[in-house]
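For reference, the structure is listed below as structure tokens.
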Number of protein chains: 2
Amino acid sequence: MSRPILKRKDIHEAAMKLFVEKGIEGTTTREIAEAAKAGEGTMFRHYKSKEDLAWHLFDENLSRFLAELEEDLAKQSTAKTRIRAMVEKCYVLFETDRTMCSYLLLSEHTVARQMPNGYKTPNTILVGIIEEGQAQGAIGPMDSKLYAAMVVGAILRVPIYKIYGRIREDLRNLIDPVTDSVWKMIAV
Amino acid sequence: MSRPILKRKDIHEAAMKLFVEKGIEGTTTREIAEAAKAGEGTMFRHYKSKEDLAWHLFDENLSRFLAELEEDLAKQSTAKTRIRAMVEKCYVLFETDRTMCSYLLLSEHTVARQMPNGYKTPNTILVGIIEEGQAQGAIGPMDSKLYAAMVVGAILRVPIYKIYGRIREDLRNLIDPVTDSVWKMIAV
DNA sequence: TTTAGTTGAGCGAATACTCGCTCATTAATA
DNA sequence: TATTAATGAGCGAGTATTCGCTCAACTAAA
């Protein structure tokens, strides 16, 4: 090997922060380089385009998040405790790494265009949880995809509104209230 | 007047369609002009920039939607029937003018940056409905803003997933099921 | 004739990406 | 251990292109 890769992480952090603040198209490659204290060409050594960087930031972080979530879910045996684990995972992430969480939430409708068919999302996982809950007789008989949509929506709208300043509470205090509310929505 | 304004509506329709398909930054003024069968300069007679056009499309359509919604709400006297009216208004709009509805839903995180403080949104209205419902003793005692966030999230995630093809049902068939589910979430 | 909507070639600033080069780091050789 | 060769990360000035916007000419309604 020649030289260790030192700048990639700096580029990740700078790009994510800027993408959240100004949007992907609204951020220039020069700004990323400057913020990362790197040369402008360096990001192209690791990614073939700015879009490619944005996609990797989304994909890698979401994948890691989902993998960790599935570990947590494996420890739970009921639908309700699984949903609680999901809420907890989301809200703890939000308070722990707000930039990353904001990026995942806000870039949904832009980066998400590039998701291949069958790409795994929190929604995919939730459909599974709900169908298992229905098999156990704990969750009502409605279409699992509709339930999943409503539950995902209810859970994720809270951090979105916290980003916009409409909610101020520390989200970790809302894990149980939100879980309980959402559970009422789908319980038999 | 010397000449009637003929192209503005064509520009609205073409721009909104393209903005939904390719995003605002991803759409060029030339593409808008071509799709609208108008000259490129025409949109600048009516709007001072592409961003300005995008904002007006958002603002005017949302304002009209909210005004109509408030008319409907005035006819209802209980929190639950008001929420039903809101769901109905959203889902009927979706099936009636999908492009416009998609634009409002998907541009939230981009155009929404420009919303002035105190700008009225569906969320604002919902907070009012919920607080009144709480005063009537029909809705639980939790923070009204948190309730509103969860309800908005649950309601709007359904059309979002229909845009992404994860839900196929005609949303007008889901008005009552969604209303009932959402109501369970917040009822005392 | 006046007025105002429409047009599209042209402009210039912005910017994503390239490429030839540097040099820190490692591996091989003596 | 000292020396040399090889590697590829890092750099940033340069460039081809794109794209938002302007404006002078044109057209049609009043």
Side-chain angles (χ1 to χ4, degrees), chain A residues 1-60 103 106-107 109-114, chain B residues 1-61 103 106-107 109-115:
Chain A
M1 291 302 132
S2 57
R3 283 174 83 167
I5 296 173
L6 297 173
K7 295 290 180 178
R8 191 158 55 190
K9 200 168 190 179
D10 294 337
I11 289 170
H12 284 182
E13 282 164 16
M16 196 137 65
K17 188 158 175 285
L18 286 164
F19 287 167
V20 168
E21 281 168 15
K22 319 177 52 172
I24 294 165
E25 306 261 6
T27 301
T28 67
T29 52
R30 281 208 178 92
E31 286 174 309
I32 296 170
E34 199 176 351
K37 287 179 178 122
E40 203 181 344
T42 305
M43 73 160 272
F44 293 97
R45 173 96 38 207
H46 301 299
Y47 302 98
K48 75 177 212 296
S49 67
K50 189 178 73 166
E51 287 299 312
D52 188 44
L53 167 62
W55 166 253
H56 274 88
L57 284 176
F58 182 82
D59 181 45
E60 281 159 23
Y103 182 65
L106 301 181
S107 66
H109 303 321
T110 41
V111 180
R113 283 173 213 278
Q114 302 170 51
Chain B
M1 296 298 138
S2 58
R3 281 177 79 174
I5 295 172
L6 297 173
K7 295 289 182 180
R8 189 159 54 190
K9 200 168 190 179
D10 294 337
I11 289 170
H12 284 182
E13 283 165 15
M16 197 137 65
K17 187 157 176 286
L18 287 164
F19 288 167
V20 168
E21 281 167 14
K22 320 177 46 171
I24 294 165
E25 306 259 7
T27 301
T28 68
T29 53
R30 290 204 227 292
E31 286 174 308
I32 296 170
E34 197 177 354
K37 289 180 177 122
E40 201 183 343
T42 307
M43 73 161 270
F44 292 98
R45 173 153 199 93
H46 301 299
Y47 302 99
K48 75 178 212 295
S49 68
K50 188 178 75 165
E51 286 302 310
D52 188 45
L53 167 62
W55 167 253
H56 274 87
L57 284 175
F58 181 82
D59 181 45
E60 281 159 24
N61 284 300
Y103 181 65
L106 301 182
S107 67
H109 302 322
T110 42
V111 180
R113 283 174 212 277
Q114 302 170 50
M115 291 198 302

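Chain identifiers are assigned alphabetically (A, B, ...) following the order of the sequence lines, protein sequences preceding nucleic acid strands; residue numbering begins at 1 within each chain. Values below: all heavy atoms of this structure, side chains included; hydrogens, waters and symmetry mates excluded. Please read these numbers as outputs of a predicted model, since none were measured by experiment.
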Margin query: Strictly distance-based, threshold 3.5 Å: is any side-chain N or O of A/Y103 a donor or acceptor partner for the main-chain N or O of A/A54?
Written below: yes
Next item on the list: Answer with base, sugar-phosphate or nothing: what part of the nucleic acid does B/A33 contact at a heavy-atom distance below 4.0 Å?
Entry: nothing
Note to self: Side chain of A/E40, heavy atoms from C-beta onward: which of C/dC17, C/dT6, C/dG10 has the nearest atom to it?
What the structure shows: C/dC17
Check: Looking at A/T29, does any N or O in its side chain come under 4.0 Å of the phosphate oxygens OP1/OP2 on C/dC17?
Finding: no
Check: Tell me: CG of B/L6 to P of C/dT6, nearest whole Å?
Finding: 6 Å
Next item on the list: Specify the separation, in whole Å, of atom CD1 of A/I11 and atom P of D/dG10.
Entry: 7 Å
Checklist line | Between CD1 on residue A/I5 and CG on residue A/D10, distance to nearest 0.5 Å | finding: 12.5 Å
Note to self: Taking 4.0 Å as the cut-off, does a side-chain nitrogen or oxygen of A/K50 come that near to OP1 or OP2 on C/dA16?
What the structure shows: yes
Next item on the list: Give the rounded distance in Å between these two atoms: NZ of A/K48 and C1' of C/dC19.
Entry: 19 Å
Notebook entry, point to check: What about B/R3, does its side chain sit under 3.5 Å from the base of C/dT3 through a donor-acceptor pair?
Noted result: no
Notebook entry, point to check: Does the side chain of B/R45 get closer than 4.0 angstrom to OP1 or OP2 of C/dG5 through an N or O atom?
Noted result: yes
Notebook entry, point to check: What integer distance in Å separates B/E51:CD from D/dC19:P?
Noted result: 14 Å
Note to self: Just to be sure I understand the rule, does A/R8 reach a base, reach only the sugar-phosphate, or reach nothing, if contact means heavy atoms closer than 4.0 Å?
What the structure shows: nothing
Margin query: Between A/E21 and A/K17, does any NZ, NE, NH1 or NH2 come within less than 4.0 Å of an OD or OE carboxylate oxygen?
Written below: yes
Next item on the list: Would you please confirm or rule out a distance under 4.0 Å between OP1 or OP2 of C/dT7 and any side-chain N or O of B/T42?
Entry: yes
Check: Could you give the CE-to-P distance, from B/M43 to D/dC21, as a whole number of Å?
Finding: 7 Å
Next item on the list: Measure from the side chain of A/I5, starting at C-beta and using heavy atoms only, and say which of D/dA9, C/dT6, D/dG20 lies closest.
Entry: D/dA9
Item checked: Distance, rounded to the nearest Å, where A/K7 contributes NZ and C/dT22 contributes P -> 19 Å
Notebook entry, point to check: Does any N or O in the side chain of B/K7 come within less than 3.5 Å of the main-chain N or O of B/K37, such that one atom is a donor and the other an acceptor?
Noted result: yes
Note to self: Any side-chain N or O of B/K37 below 4.0 angstrom from OP1/OP2 of C/dT6?
What the structure shows: no
Margin query: Would you say B/H46 places a side-chain N or O within less than 4.0 Å of OP1 or OP2 belonging to C/dG5?
Written below: no
Next item on the list: Round to a whole Å and report the spacing from OH of A/Y47 to P of C/dA16.
Entry: 17 Å
Next item on the list: To the nearest 0.5 angstrom, please state how far the CZ atom of A/R8 sits from the OG1 atom of A/T42.
Entry: 12.0 Å
Next item on the list: Starting at atom CZ of A/R30, determine the distance to atom C1' of D/dA13, rounded to an integer number of angstrom.
Entry: 9 Å
